[in-house]
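Here, residue 1 is the first one in the sequence, and each next residue gets the next number.
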Amino acid sequence: VQLQASGGGMVQAGGSLRLSCAASGLTFTFYGVGWFRQAPGKEREFVAVINRSGGSTIYADPVKGRFTISRDNDKNTVYLQMDSLEPEDTAVYYCGLKRVISSVIPGPERSIYDYWGQGTLVTVSS
């Protein structure tokens with residue numbers, strides 16, 4: 001199983017980035033996918049999650065209205081569109097996959113996720 005996260009970079013406050021998480025070596029449609037982030041000196045925290053079909057999503061309060069999670073099951077890829085970025089969004093962003101039944105959406109607890117990508121760094125300057 002491989003998860004390849006990409007799309008990170010440096011951007012000014014107010015700018016946008018789109019992260020991608022490409023999966024291989026598994027049946028992608030069996031998994032819900034979450035995005036998490038870890039800022040320097042802090043715990044890894046939940047950002048957003050999407051269910052198997054893409055029909056249900058959940059966002060952490062700090063990113064609601066600014067970030068959008070989506071998936072393309074034909075490409076085995078999940079995206080995180082990040083708009084109106086703030087310096088507080090600076091972190092390494094990780095994608096995680098959780099095998100689920102039917103349309104169940106995984107929870108925000110990072111310990112339940114089965115696989116993790118390597119992370120991609122997002123830096124937002126003020």
Side-chain angles (χ1 to χ4, degrees):
V1 175
Q2 284 193 329
L3 299 180
Q4 182 68 44
S6 62
M10 184 176 293
V11 64
Q12 288 190 329
S16 299
L17 284 173
R18 188 176 82 154
L19 307 184
S20 299
C21 174
S24 61
L26 46 70
T27 303
F28 187 63
T29 52
F30 286 178
Y31 293 82
V33 183
W35 283 99
F36 291 72
R37 66 187 182 186
Q38 188 166 15
K42 294 188 177 182
E43 300 260 322
R44 190 175 299 188
E45 65 176 7
F46 169 74
V47 174
V49 64
I50 190 166
N51 72 340
R52 288 168 43 165
S53 68
S56 294
T57 57
I58 298 174
Y59 296 90
D61 286 344
V63 308
K64 279 181 183 175
R66 301 188 299 121
F67 290 10
T68 303
I69 188 171
S70 62
R71 66 190 291 162
D72 184 338
N73 285 339
D74 291 335
K75 295 182 179 178
N76 286 8
T77 301
V78 169
Y79 304 97
L80 186 68
Q81 177 66 41
M82 306 186 295
D83 299 318
S84 302
L85 282 161
E86 304 168 352
E88 293 74 23
D89 296 316
T90 294
V92 177
Y93 283 71
Y94 299 88
C95 56
L97 266 61
K98 168 62 181 171
R99 183 155 180 164
V100 291
I101 297 171
S102 187
S103 61
V104 171
I105 191 166
E109 303 83 10
R110 63 182 187 268
S111 61
I112 69 171
Y113 285 75
D114 301 309
Y115 302 105
W116 290 95
Q118 85 288 2
T120 185
L121 177 62
V122 172
T123 304
V124 184
S125 61
S126 57

Open item on the list: Testing the basics here: between W35 and C21, what is the closest heavy-atom pair and its distance to 0.1 Å?
Closed with: CZ2-CB, 3.7 Å

Open item on the list: As an exercise, state the distance from CD of Q4 to OG1 of T77, rounded to the nearest 0.5 Å.
Closed with: 10.5 Å

Task: Side chain proximity check, Y94 to L3, heavy atoms < 4.5 angstrom - done: no

Task: From L19, T120, V63, residue fulfilling side-chain contact (heavy atoms from CB on, under 4.5 Å) relative to L80 - done: L19

Open item on the list: If we ignore hydrogens and angles and just use 3.5 Å, is the side chain of Q118 paired with the main-chain N or O of A5 as donor and acceptor?
Closed with: yes

Task: Pairwise side-chain contact, L97 with D114, heavy-atom cut-off 4.5 Å (strictly under) - done: no

- [ ] State the CG-OG1 distance between L85 and T123, to the nearest 0.5 angstrom.
- [x] 10.5 Å

Open item on the list: Quick check for you: to the nearest 0.5 Å, what is the distance between L26 atom CG and N76 atom CG?
Closed with: 7.5 Å

Task: OG-CD distance between S126 and Q12, expressed to the nearest 0.5 angstrom - done: 9.0 Å

Open item on the list: To the closest 0.5 Å, what do you measure between CD1 (I69) and SG (C95)?
Closed with: 9.5 Å

Output side-chain donor-acceptor pairs under 3.5 Å for residues 103-111, partner residues at least two apart or in another chain, one line each.
| from | atom 1 | to | atom 2 | distance (Å) |
| --- | --- | --- | --- | --- |
| R110 | NH1 | R44 | O | 3.0 |
| R110 | NH2 | E43 | OE1 | 2.7 |

Task: In one Ile/Leu/Val/Met/Phe/Trp/Tyr side-chain cluster, 4.5 Å: I50, W116 - done: no

Task: Common cluster, I101/I112, ILVMFWY with side-chain heavy-atom separation under 4.5 Å - done: no

Task: Qualifying ring pair (Phe, Tyr, Trp, His ring centres under 6.0 Å) pairs with a residue from residues 42-82, counting only residues at least two apart or across chains - done: F36-F46

Task: Partner residues of E45 under the side-chain hydrogen bond (donor to acceptor under 3.5 Å, both in side chains) criterion, sequence neighbours left out - done: R37

Open item on the list: Tell me which pairs pass ring pair (Phe, Tyr, Trp, His ring centres under 6.0 Å) where either residue lies in residues 4-24, with sequence neighbours left out.
Closed with: none

- [ ] Determine whether F28 and Y115 fall in the same hydrophobic cluster, where Ile, Leu, Val, Met, Phe, Trp and Tyr are linked whenever their side-chain heavy atoms lie under 4.5 Å apart.
- [x] yes

- [ ] Can you measure from CG (L121) to OG1 (T90) and round to the nearest 0.5 angstrom?
- [x] 8.0 Å

Task: Any V33 side-chain heavy atom under 4.5 Å of R71 side chain - done: yes

TODO: Would you please name every residue forming a side-chain hydrogen bond (donor to acceptor under 3.5 Å, both in side chains) with K64, sequence neighbours left out?
DONE: D61

Task: Any donor-acceptor N/O pair, R66 side chain to S84 backbone, under 3.5 Å - done: yes

Open item on the list: Count I, L, V, M, F, W, Y as connected when their side-chain heavy atoms are under 4.5 Å apart, and connections chain through other members. Are V92 and M82 then in the same cluster?
Closed with: no

- [ ] Look only at the side chain of N73 and the backbone of R52, and say whether a donor-acceptor pair between them is shorter than 3.5 Å.
- [x] yes

Task: With sequence neighbours excluded, residues passing side-chain hydrogen bond (donor to acceptor under 3.5 Å, both in side chains) with Q81 - done: D83

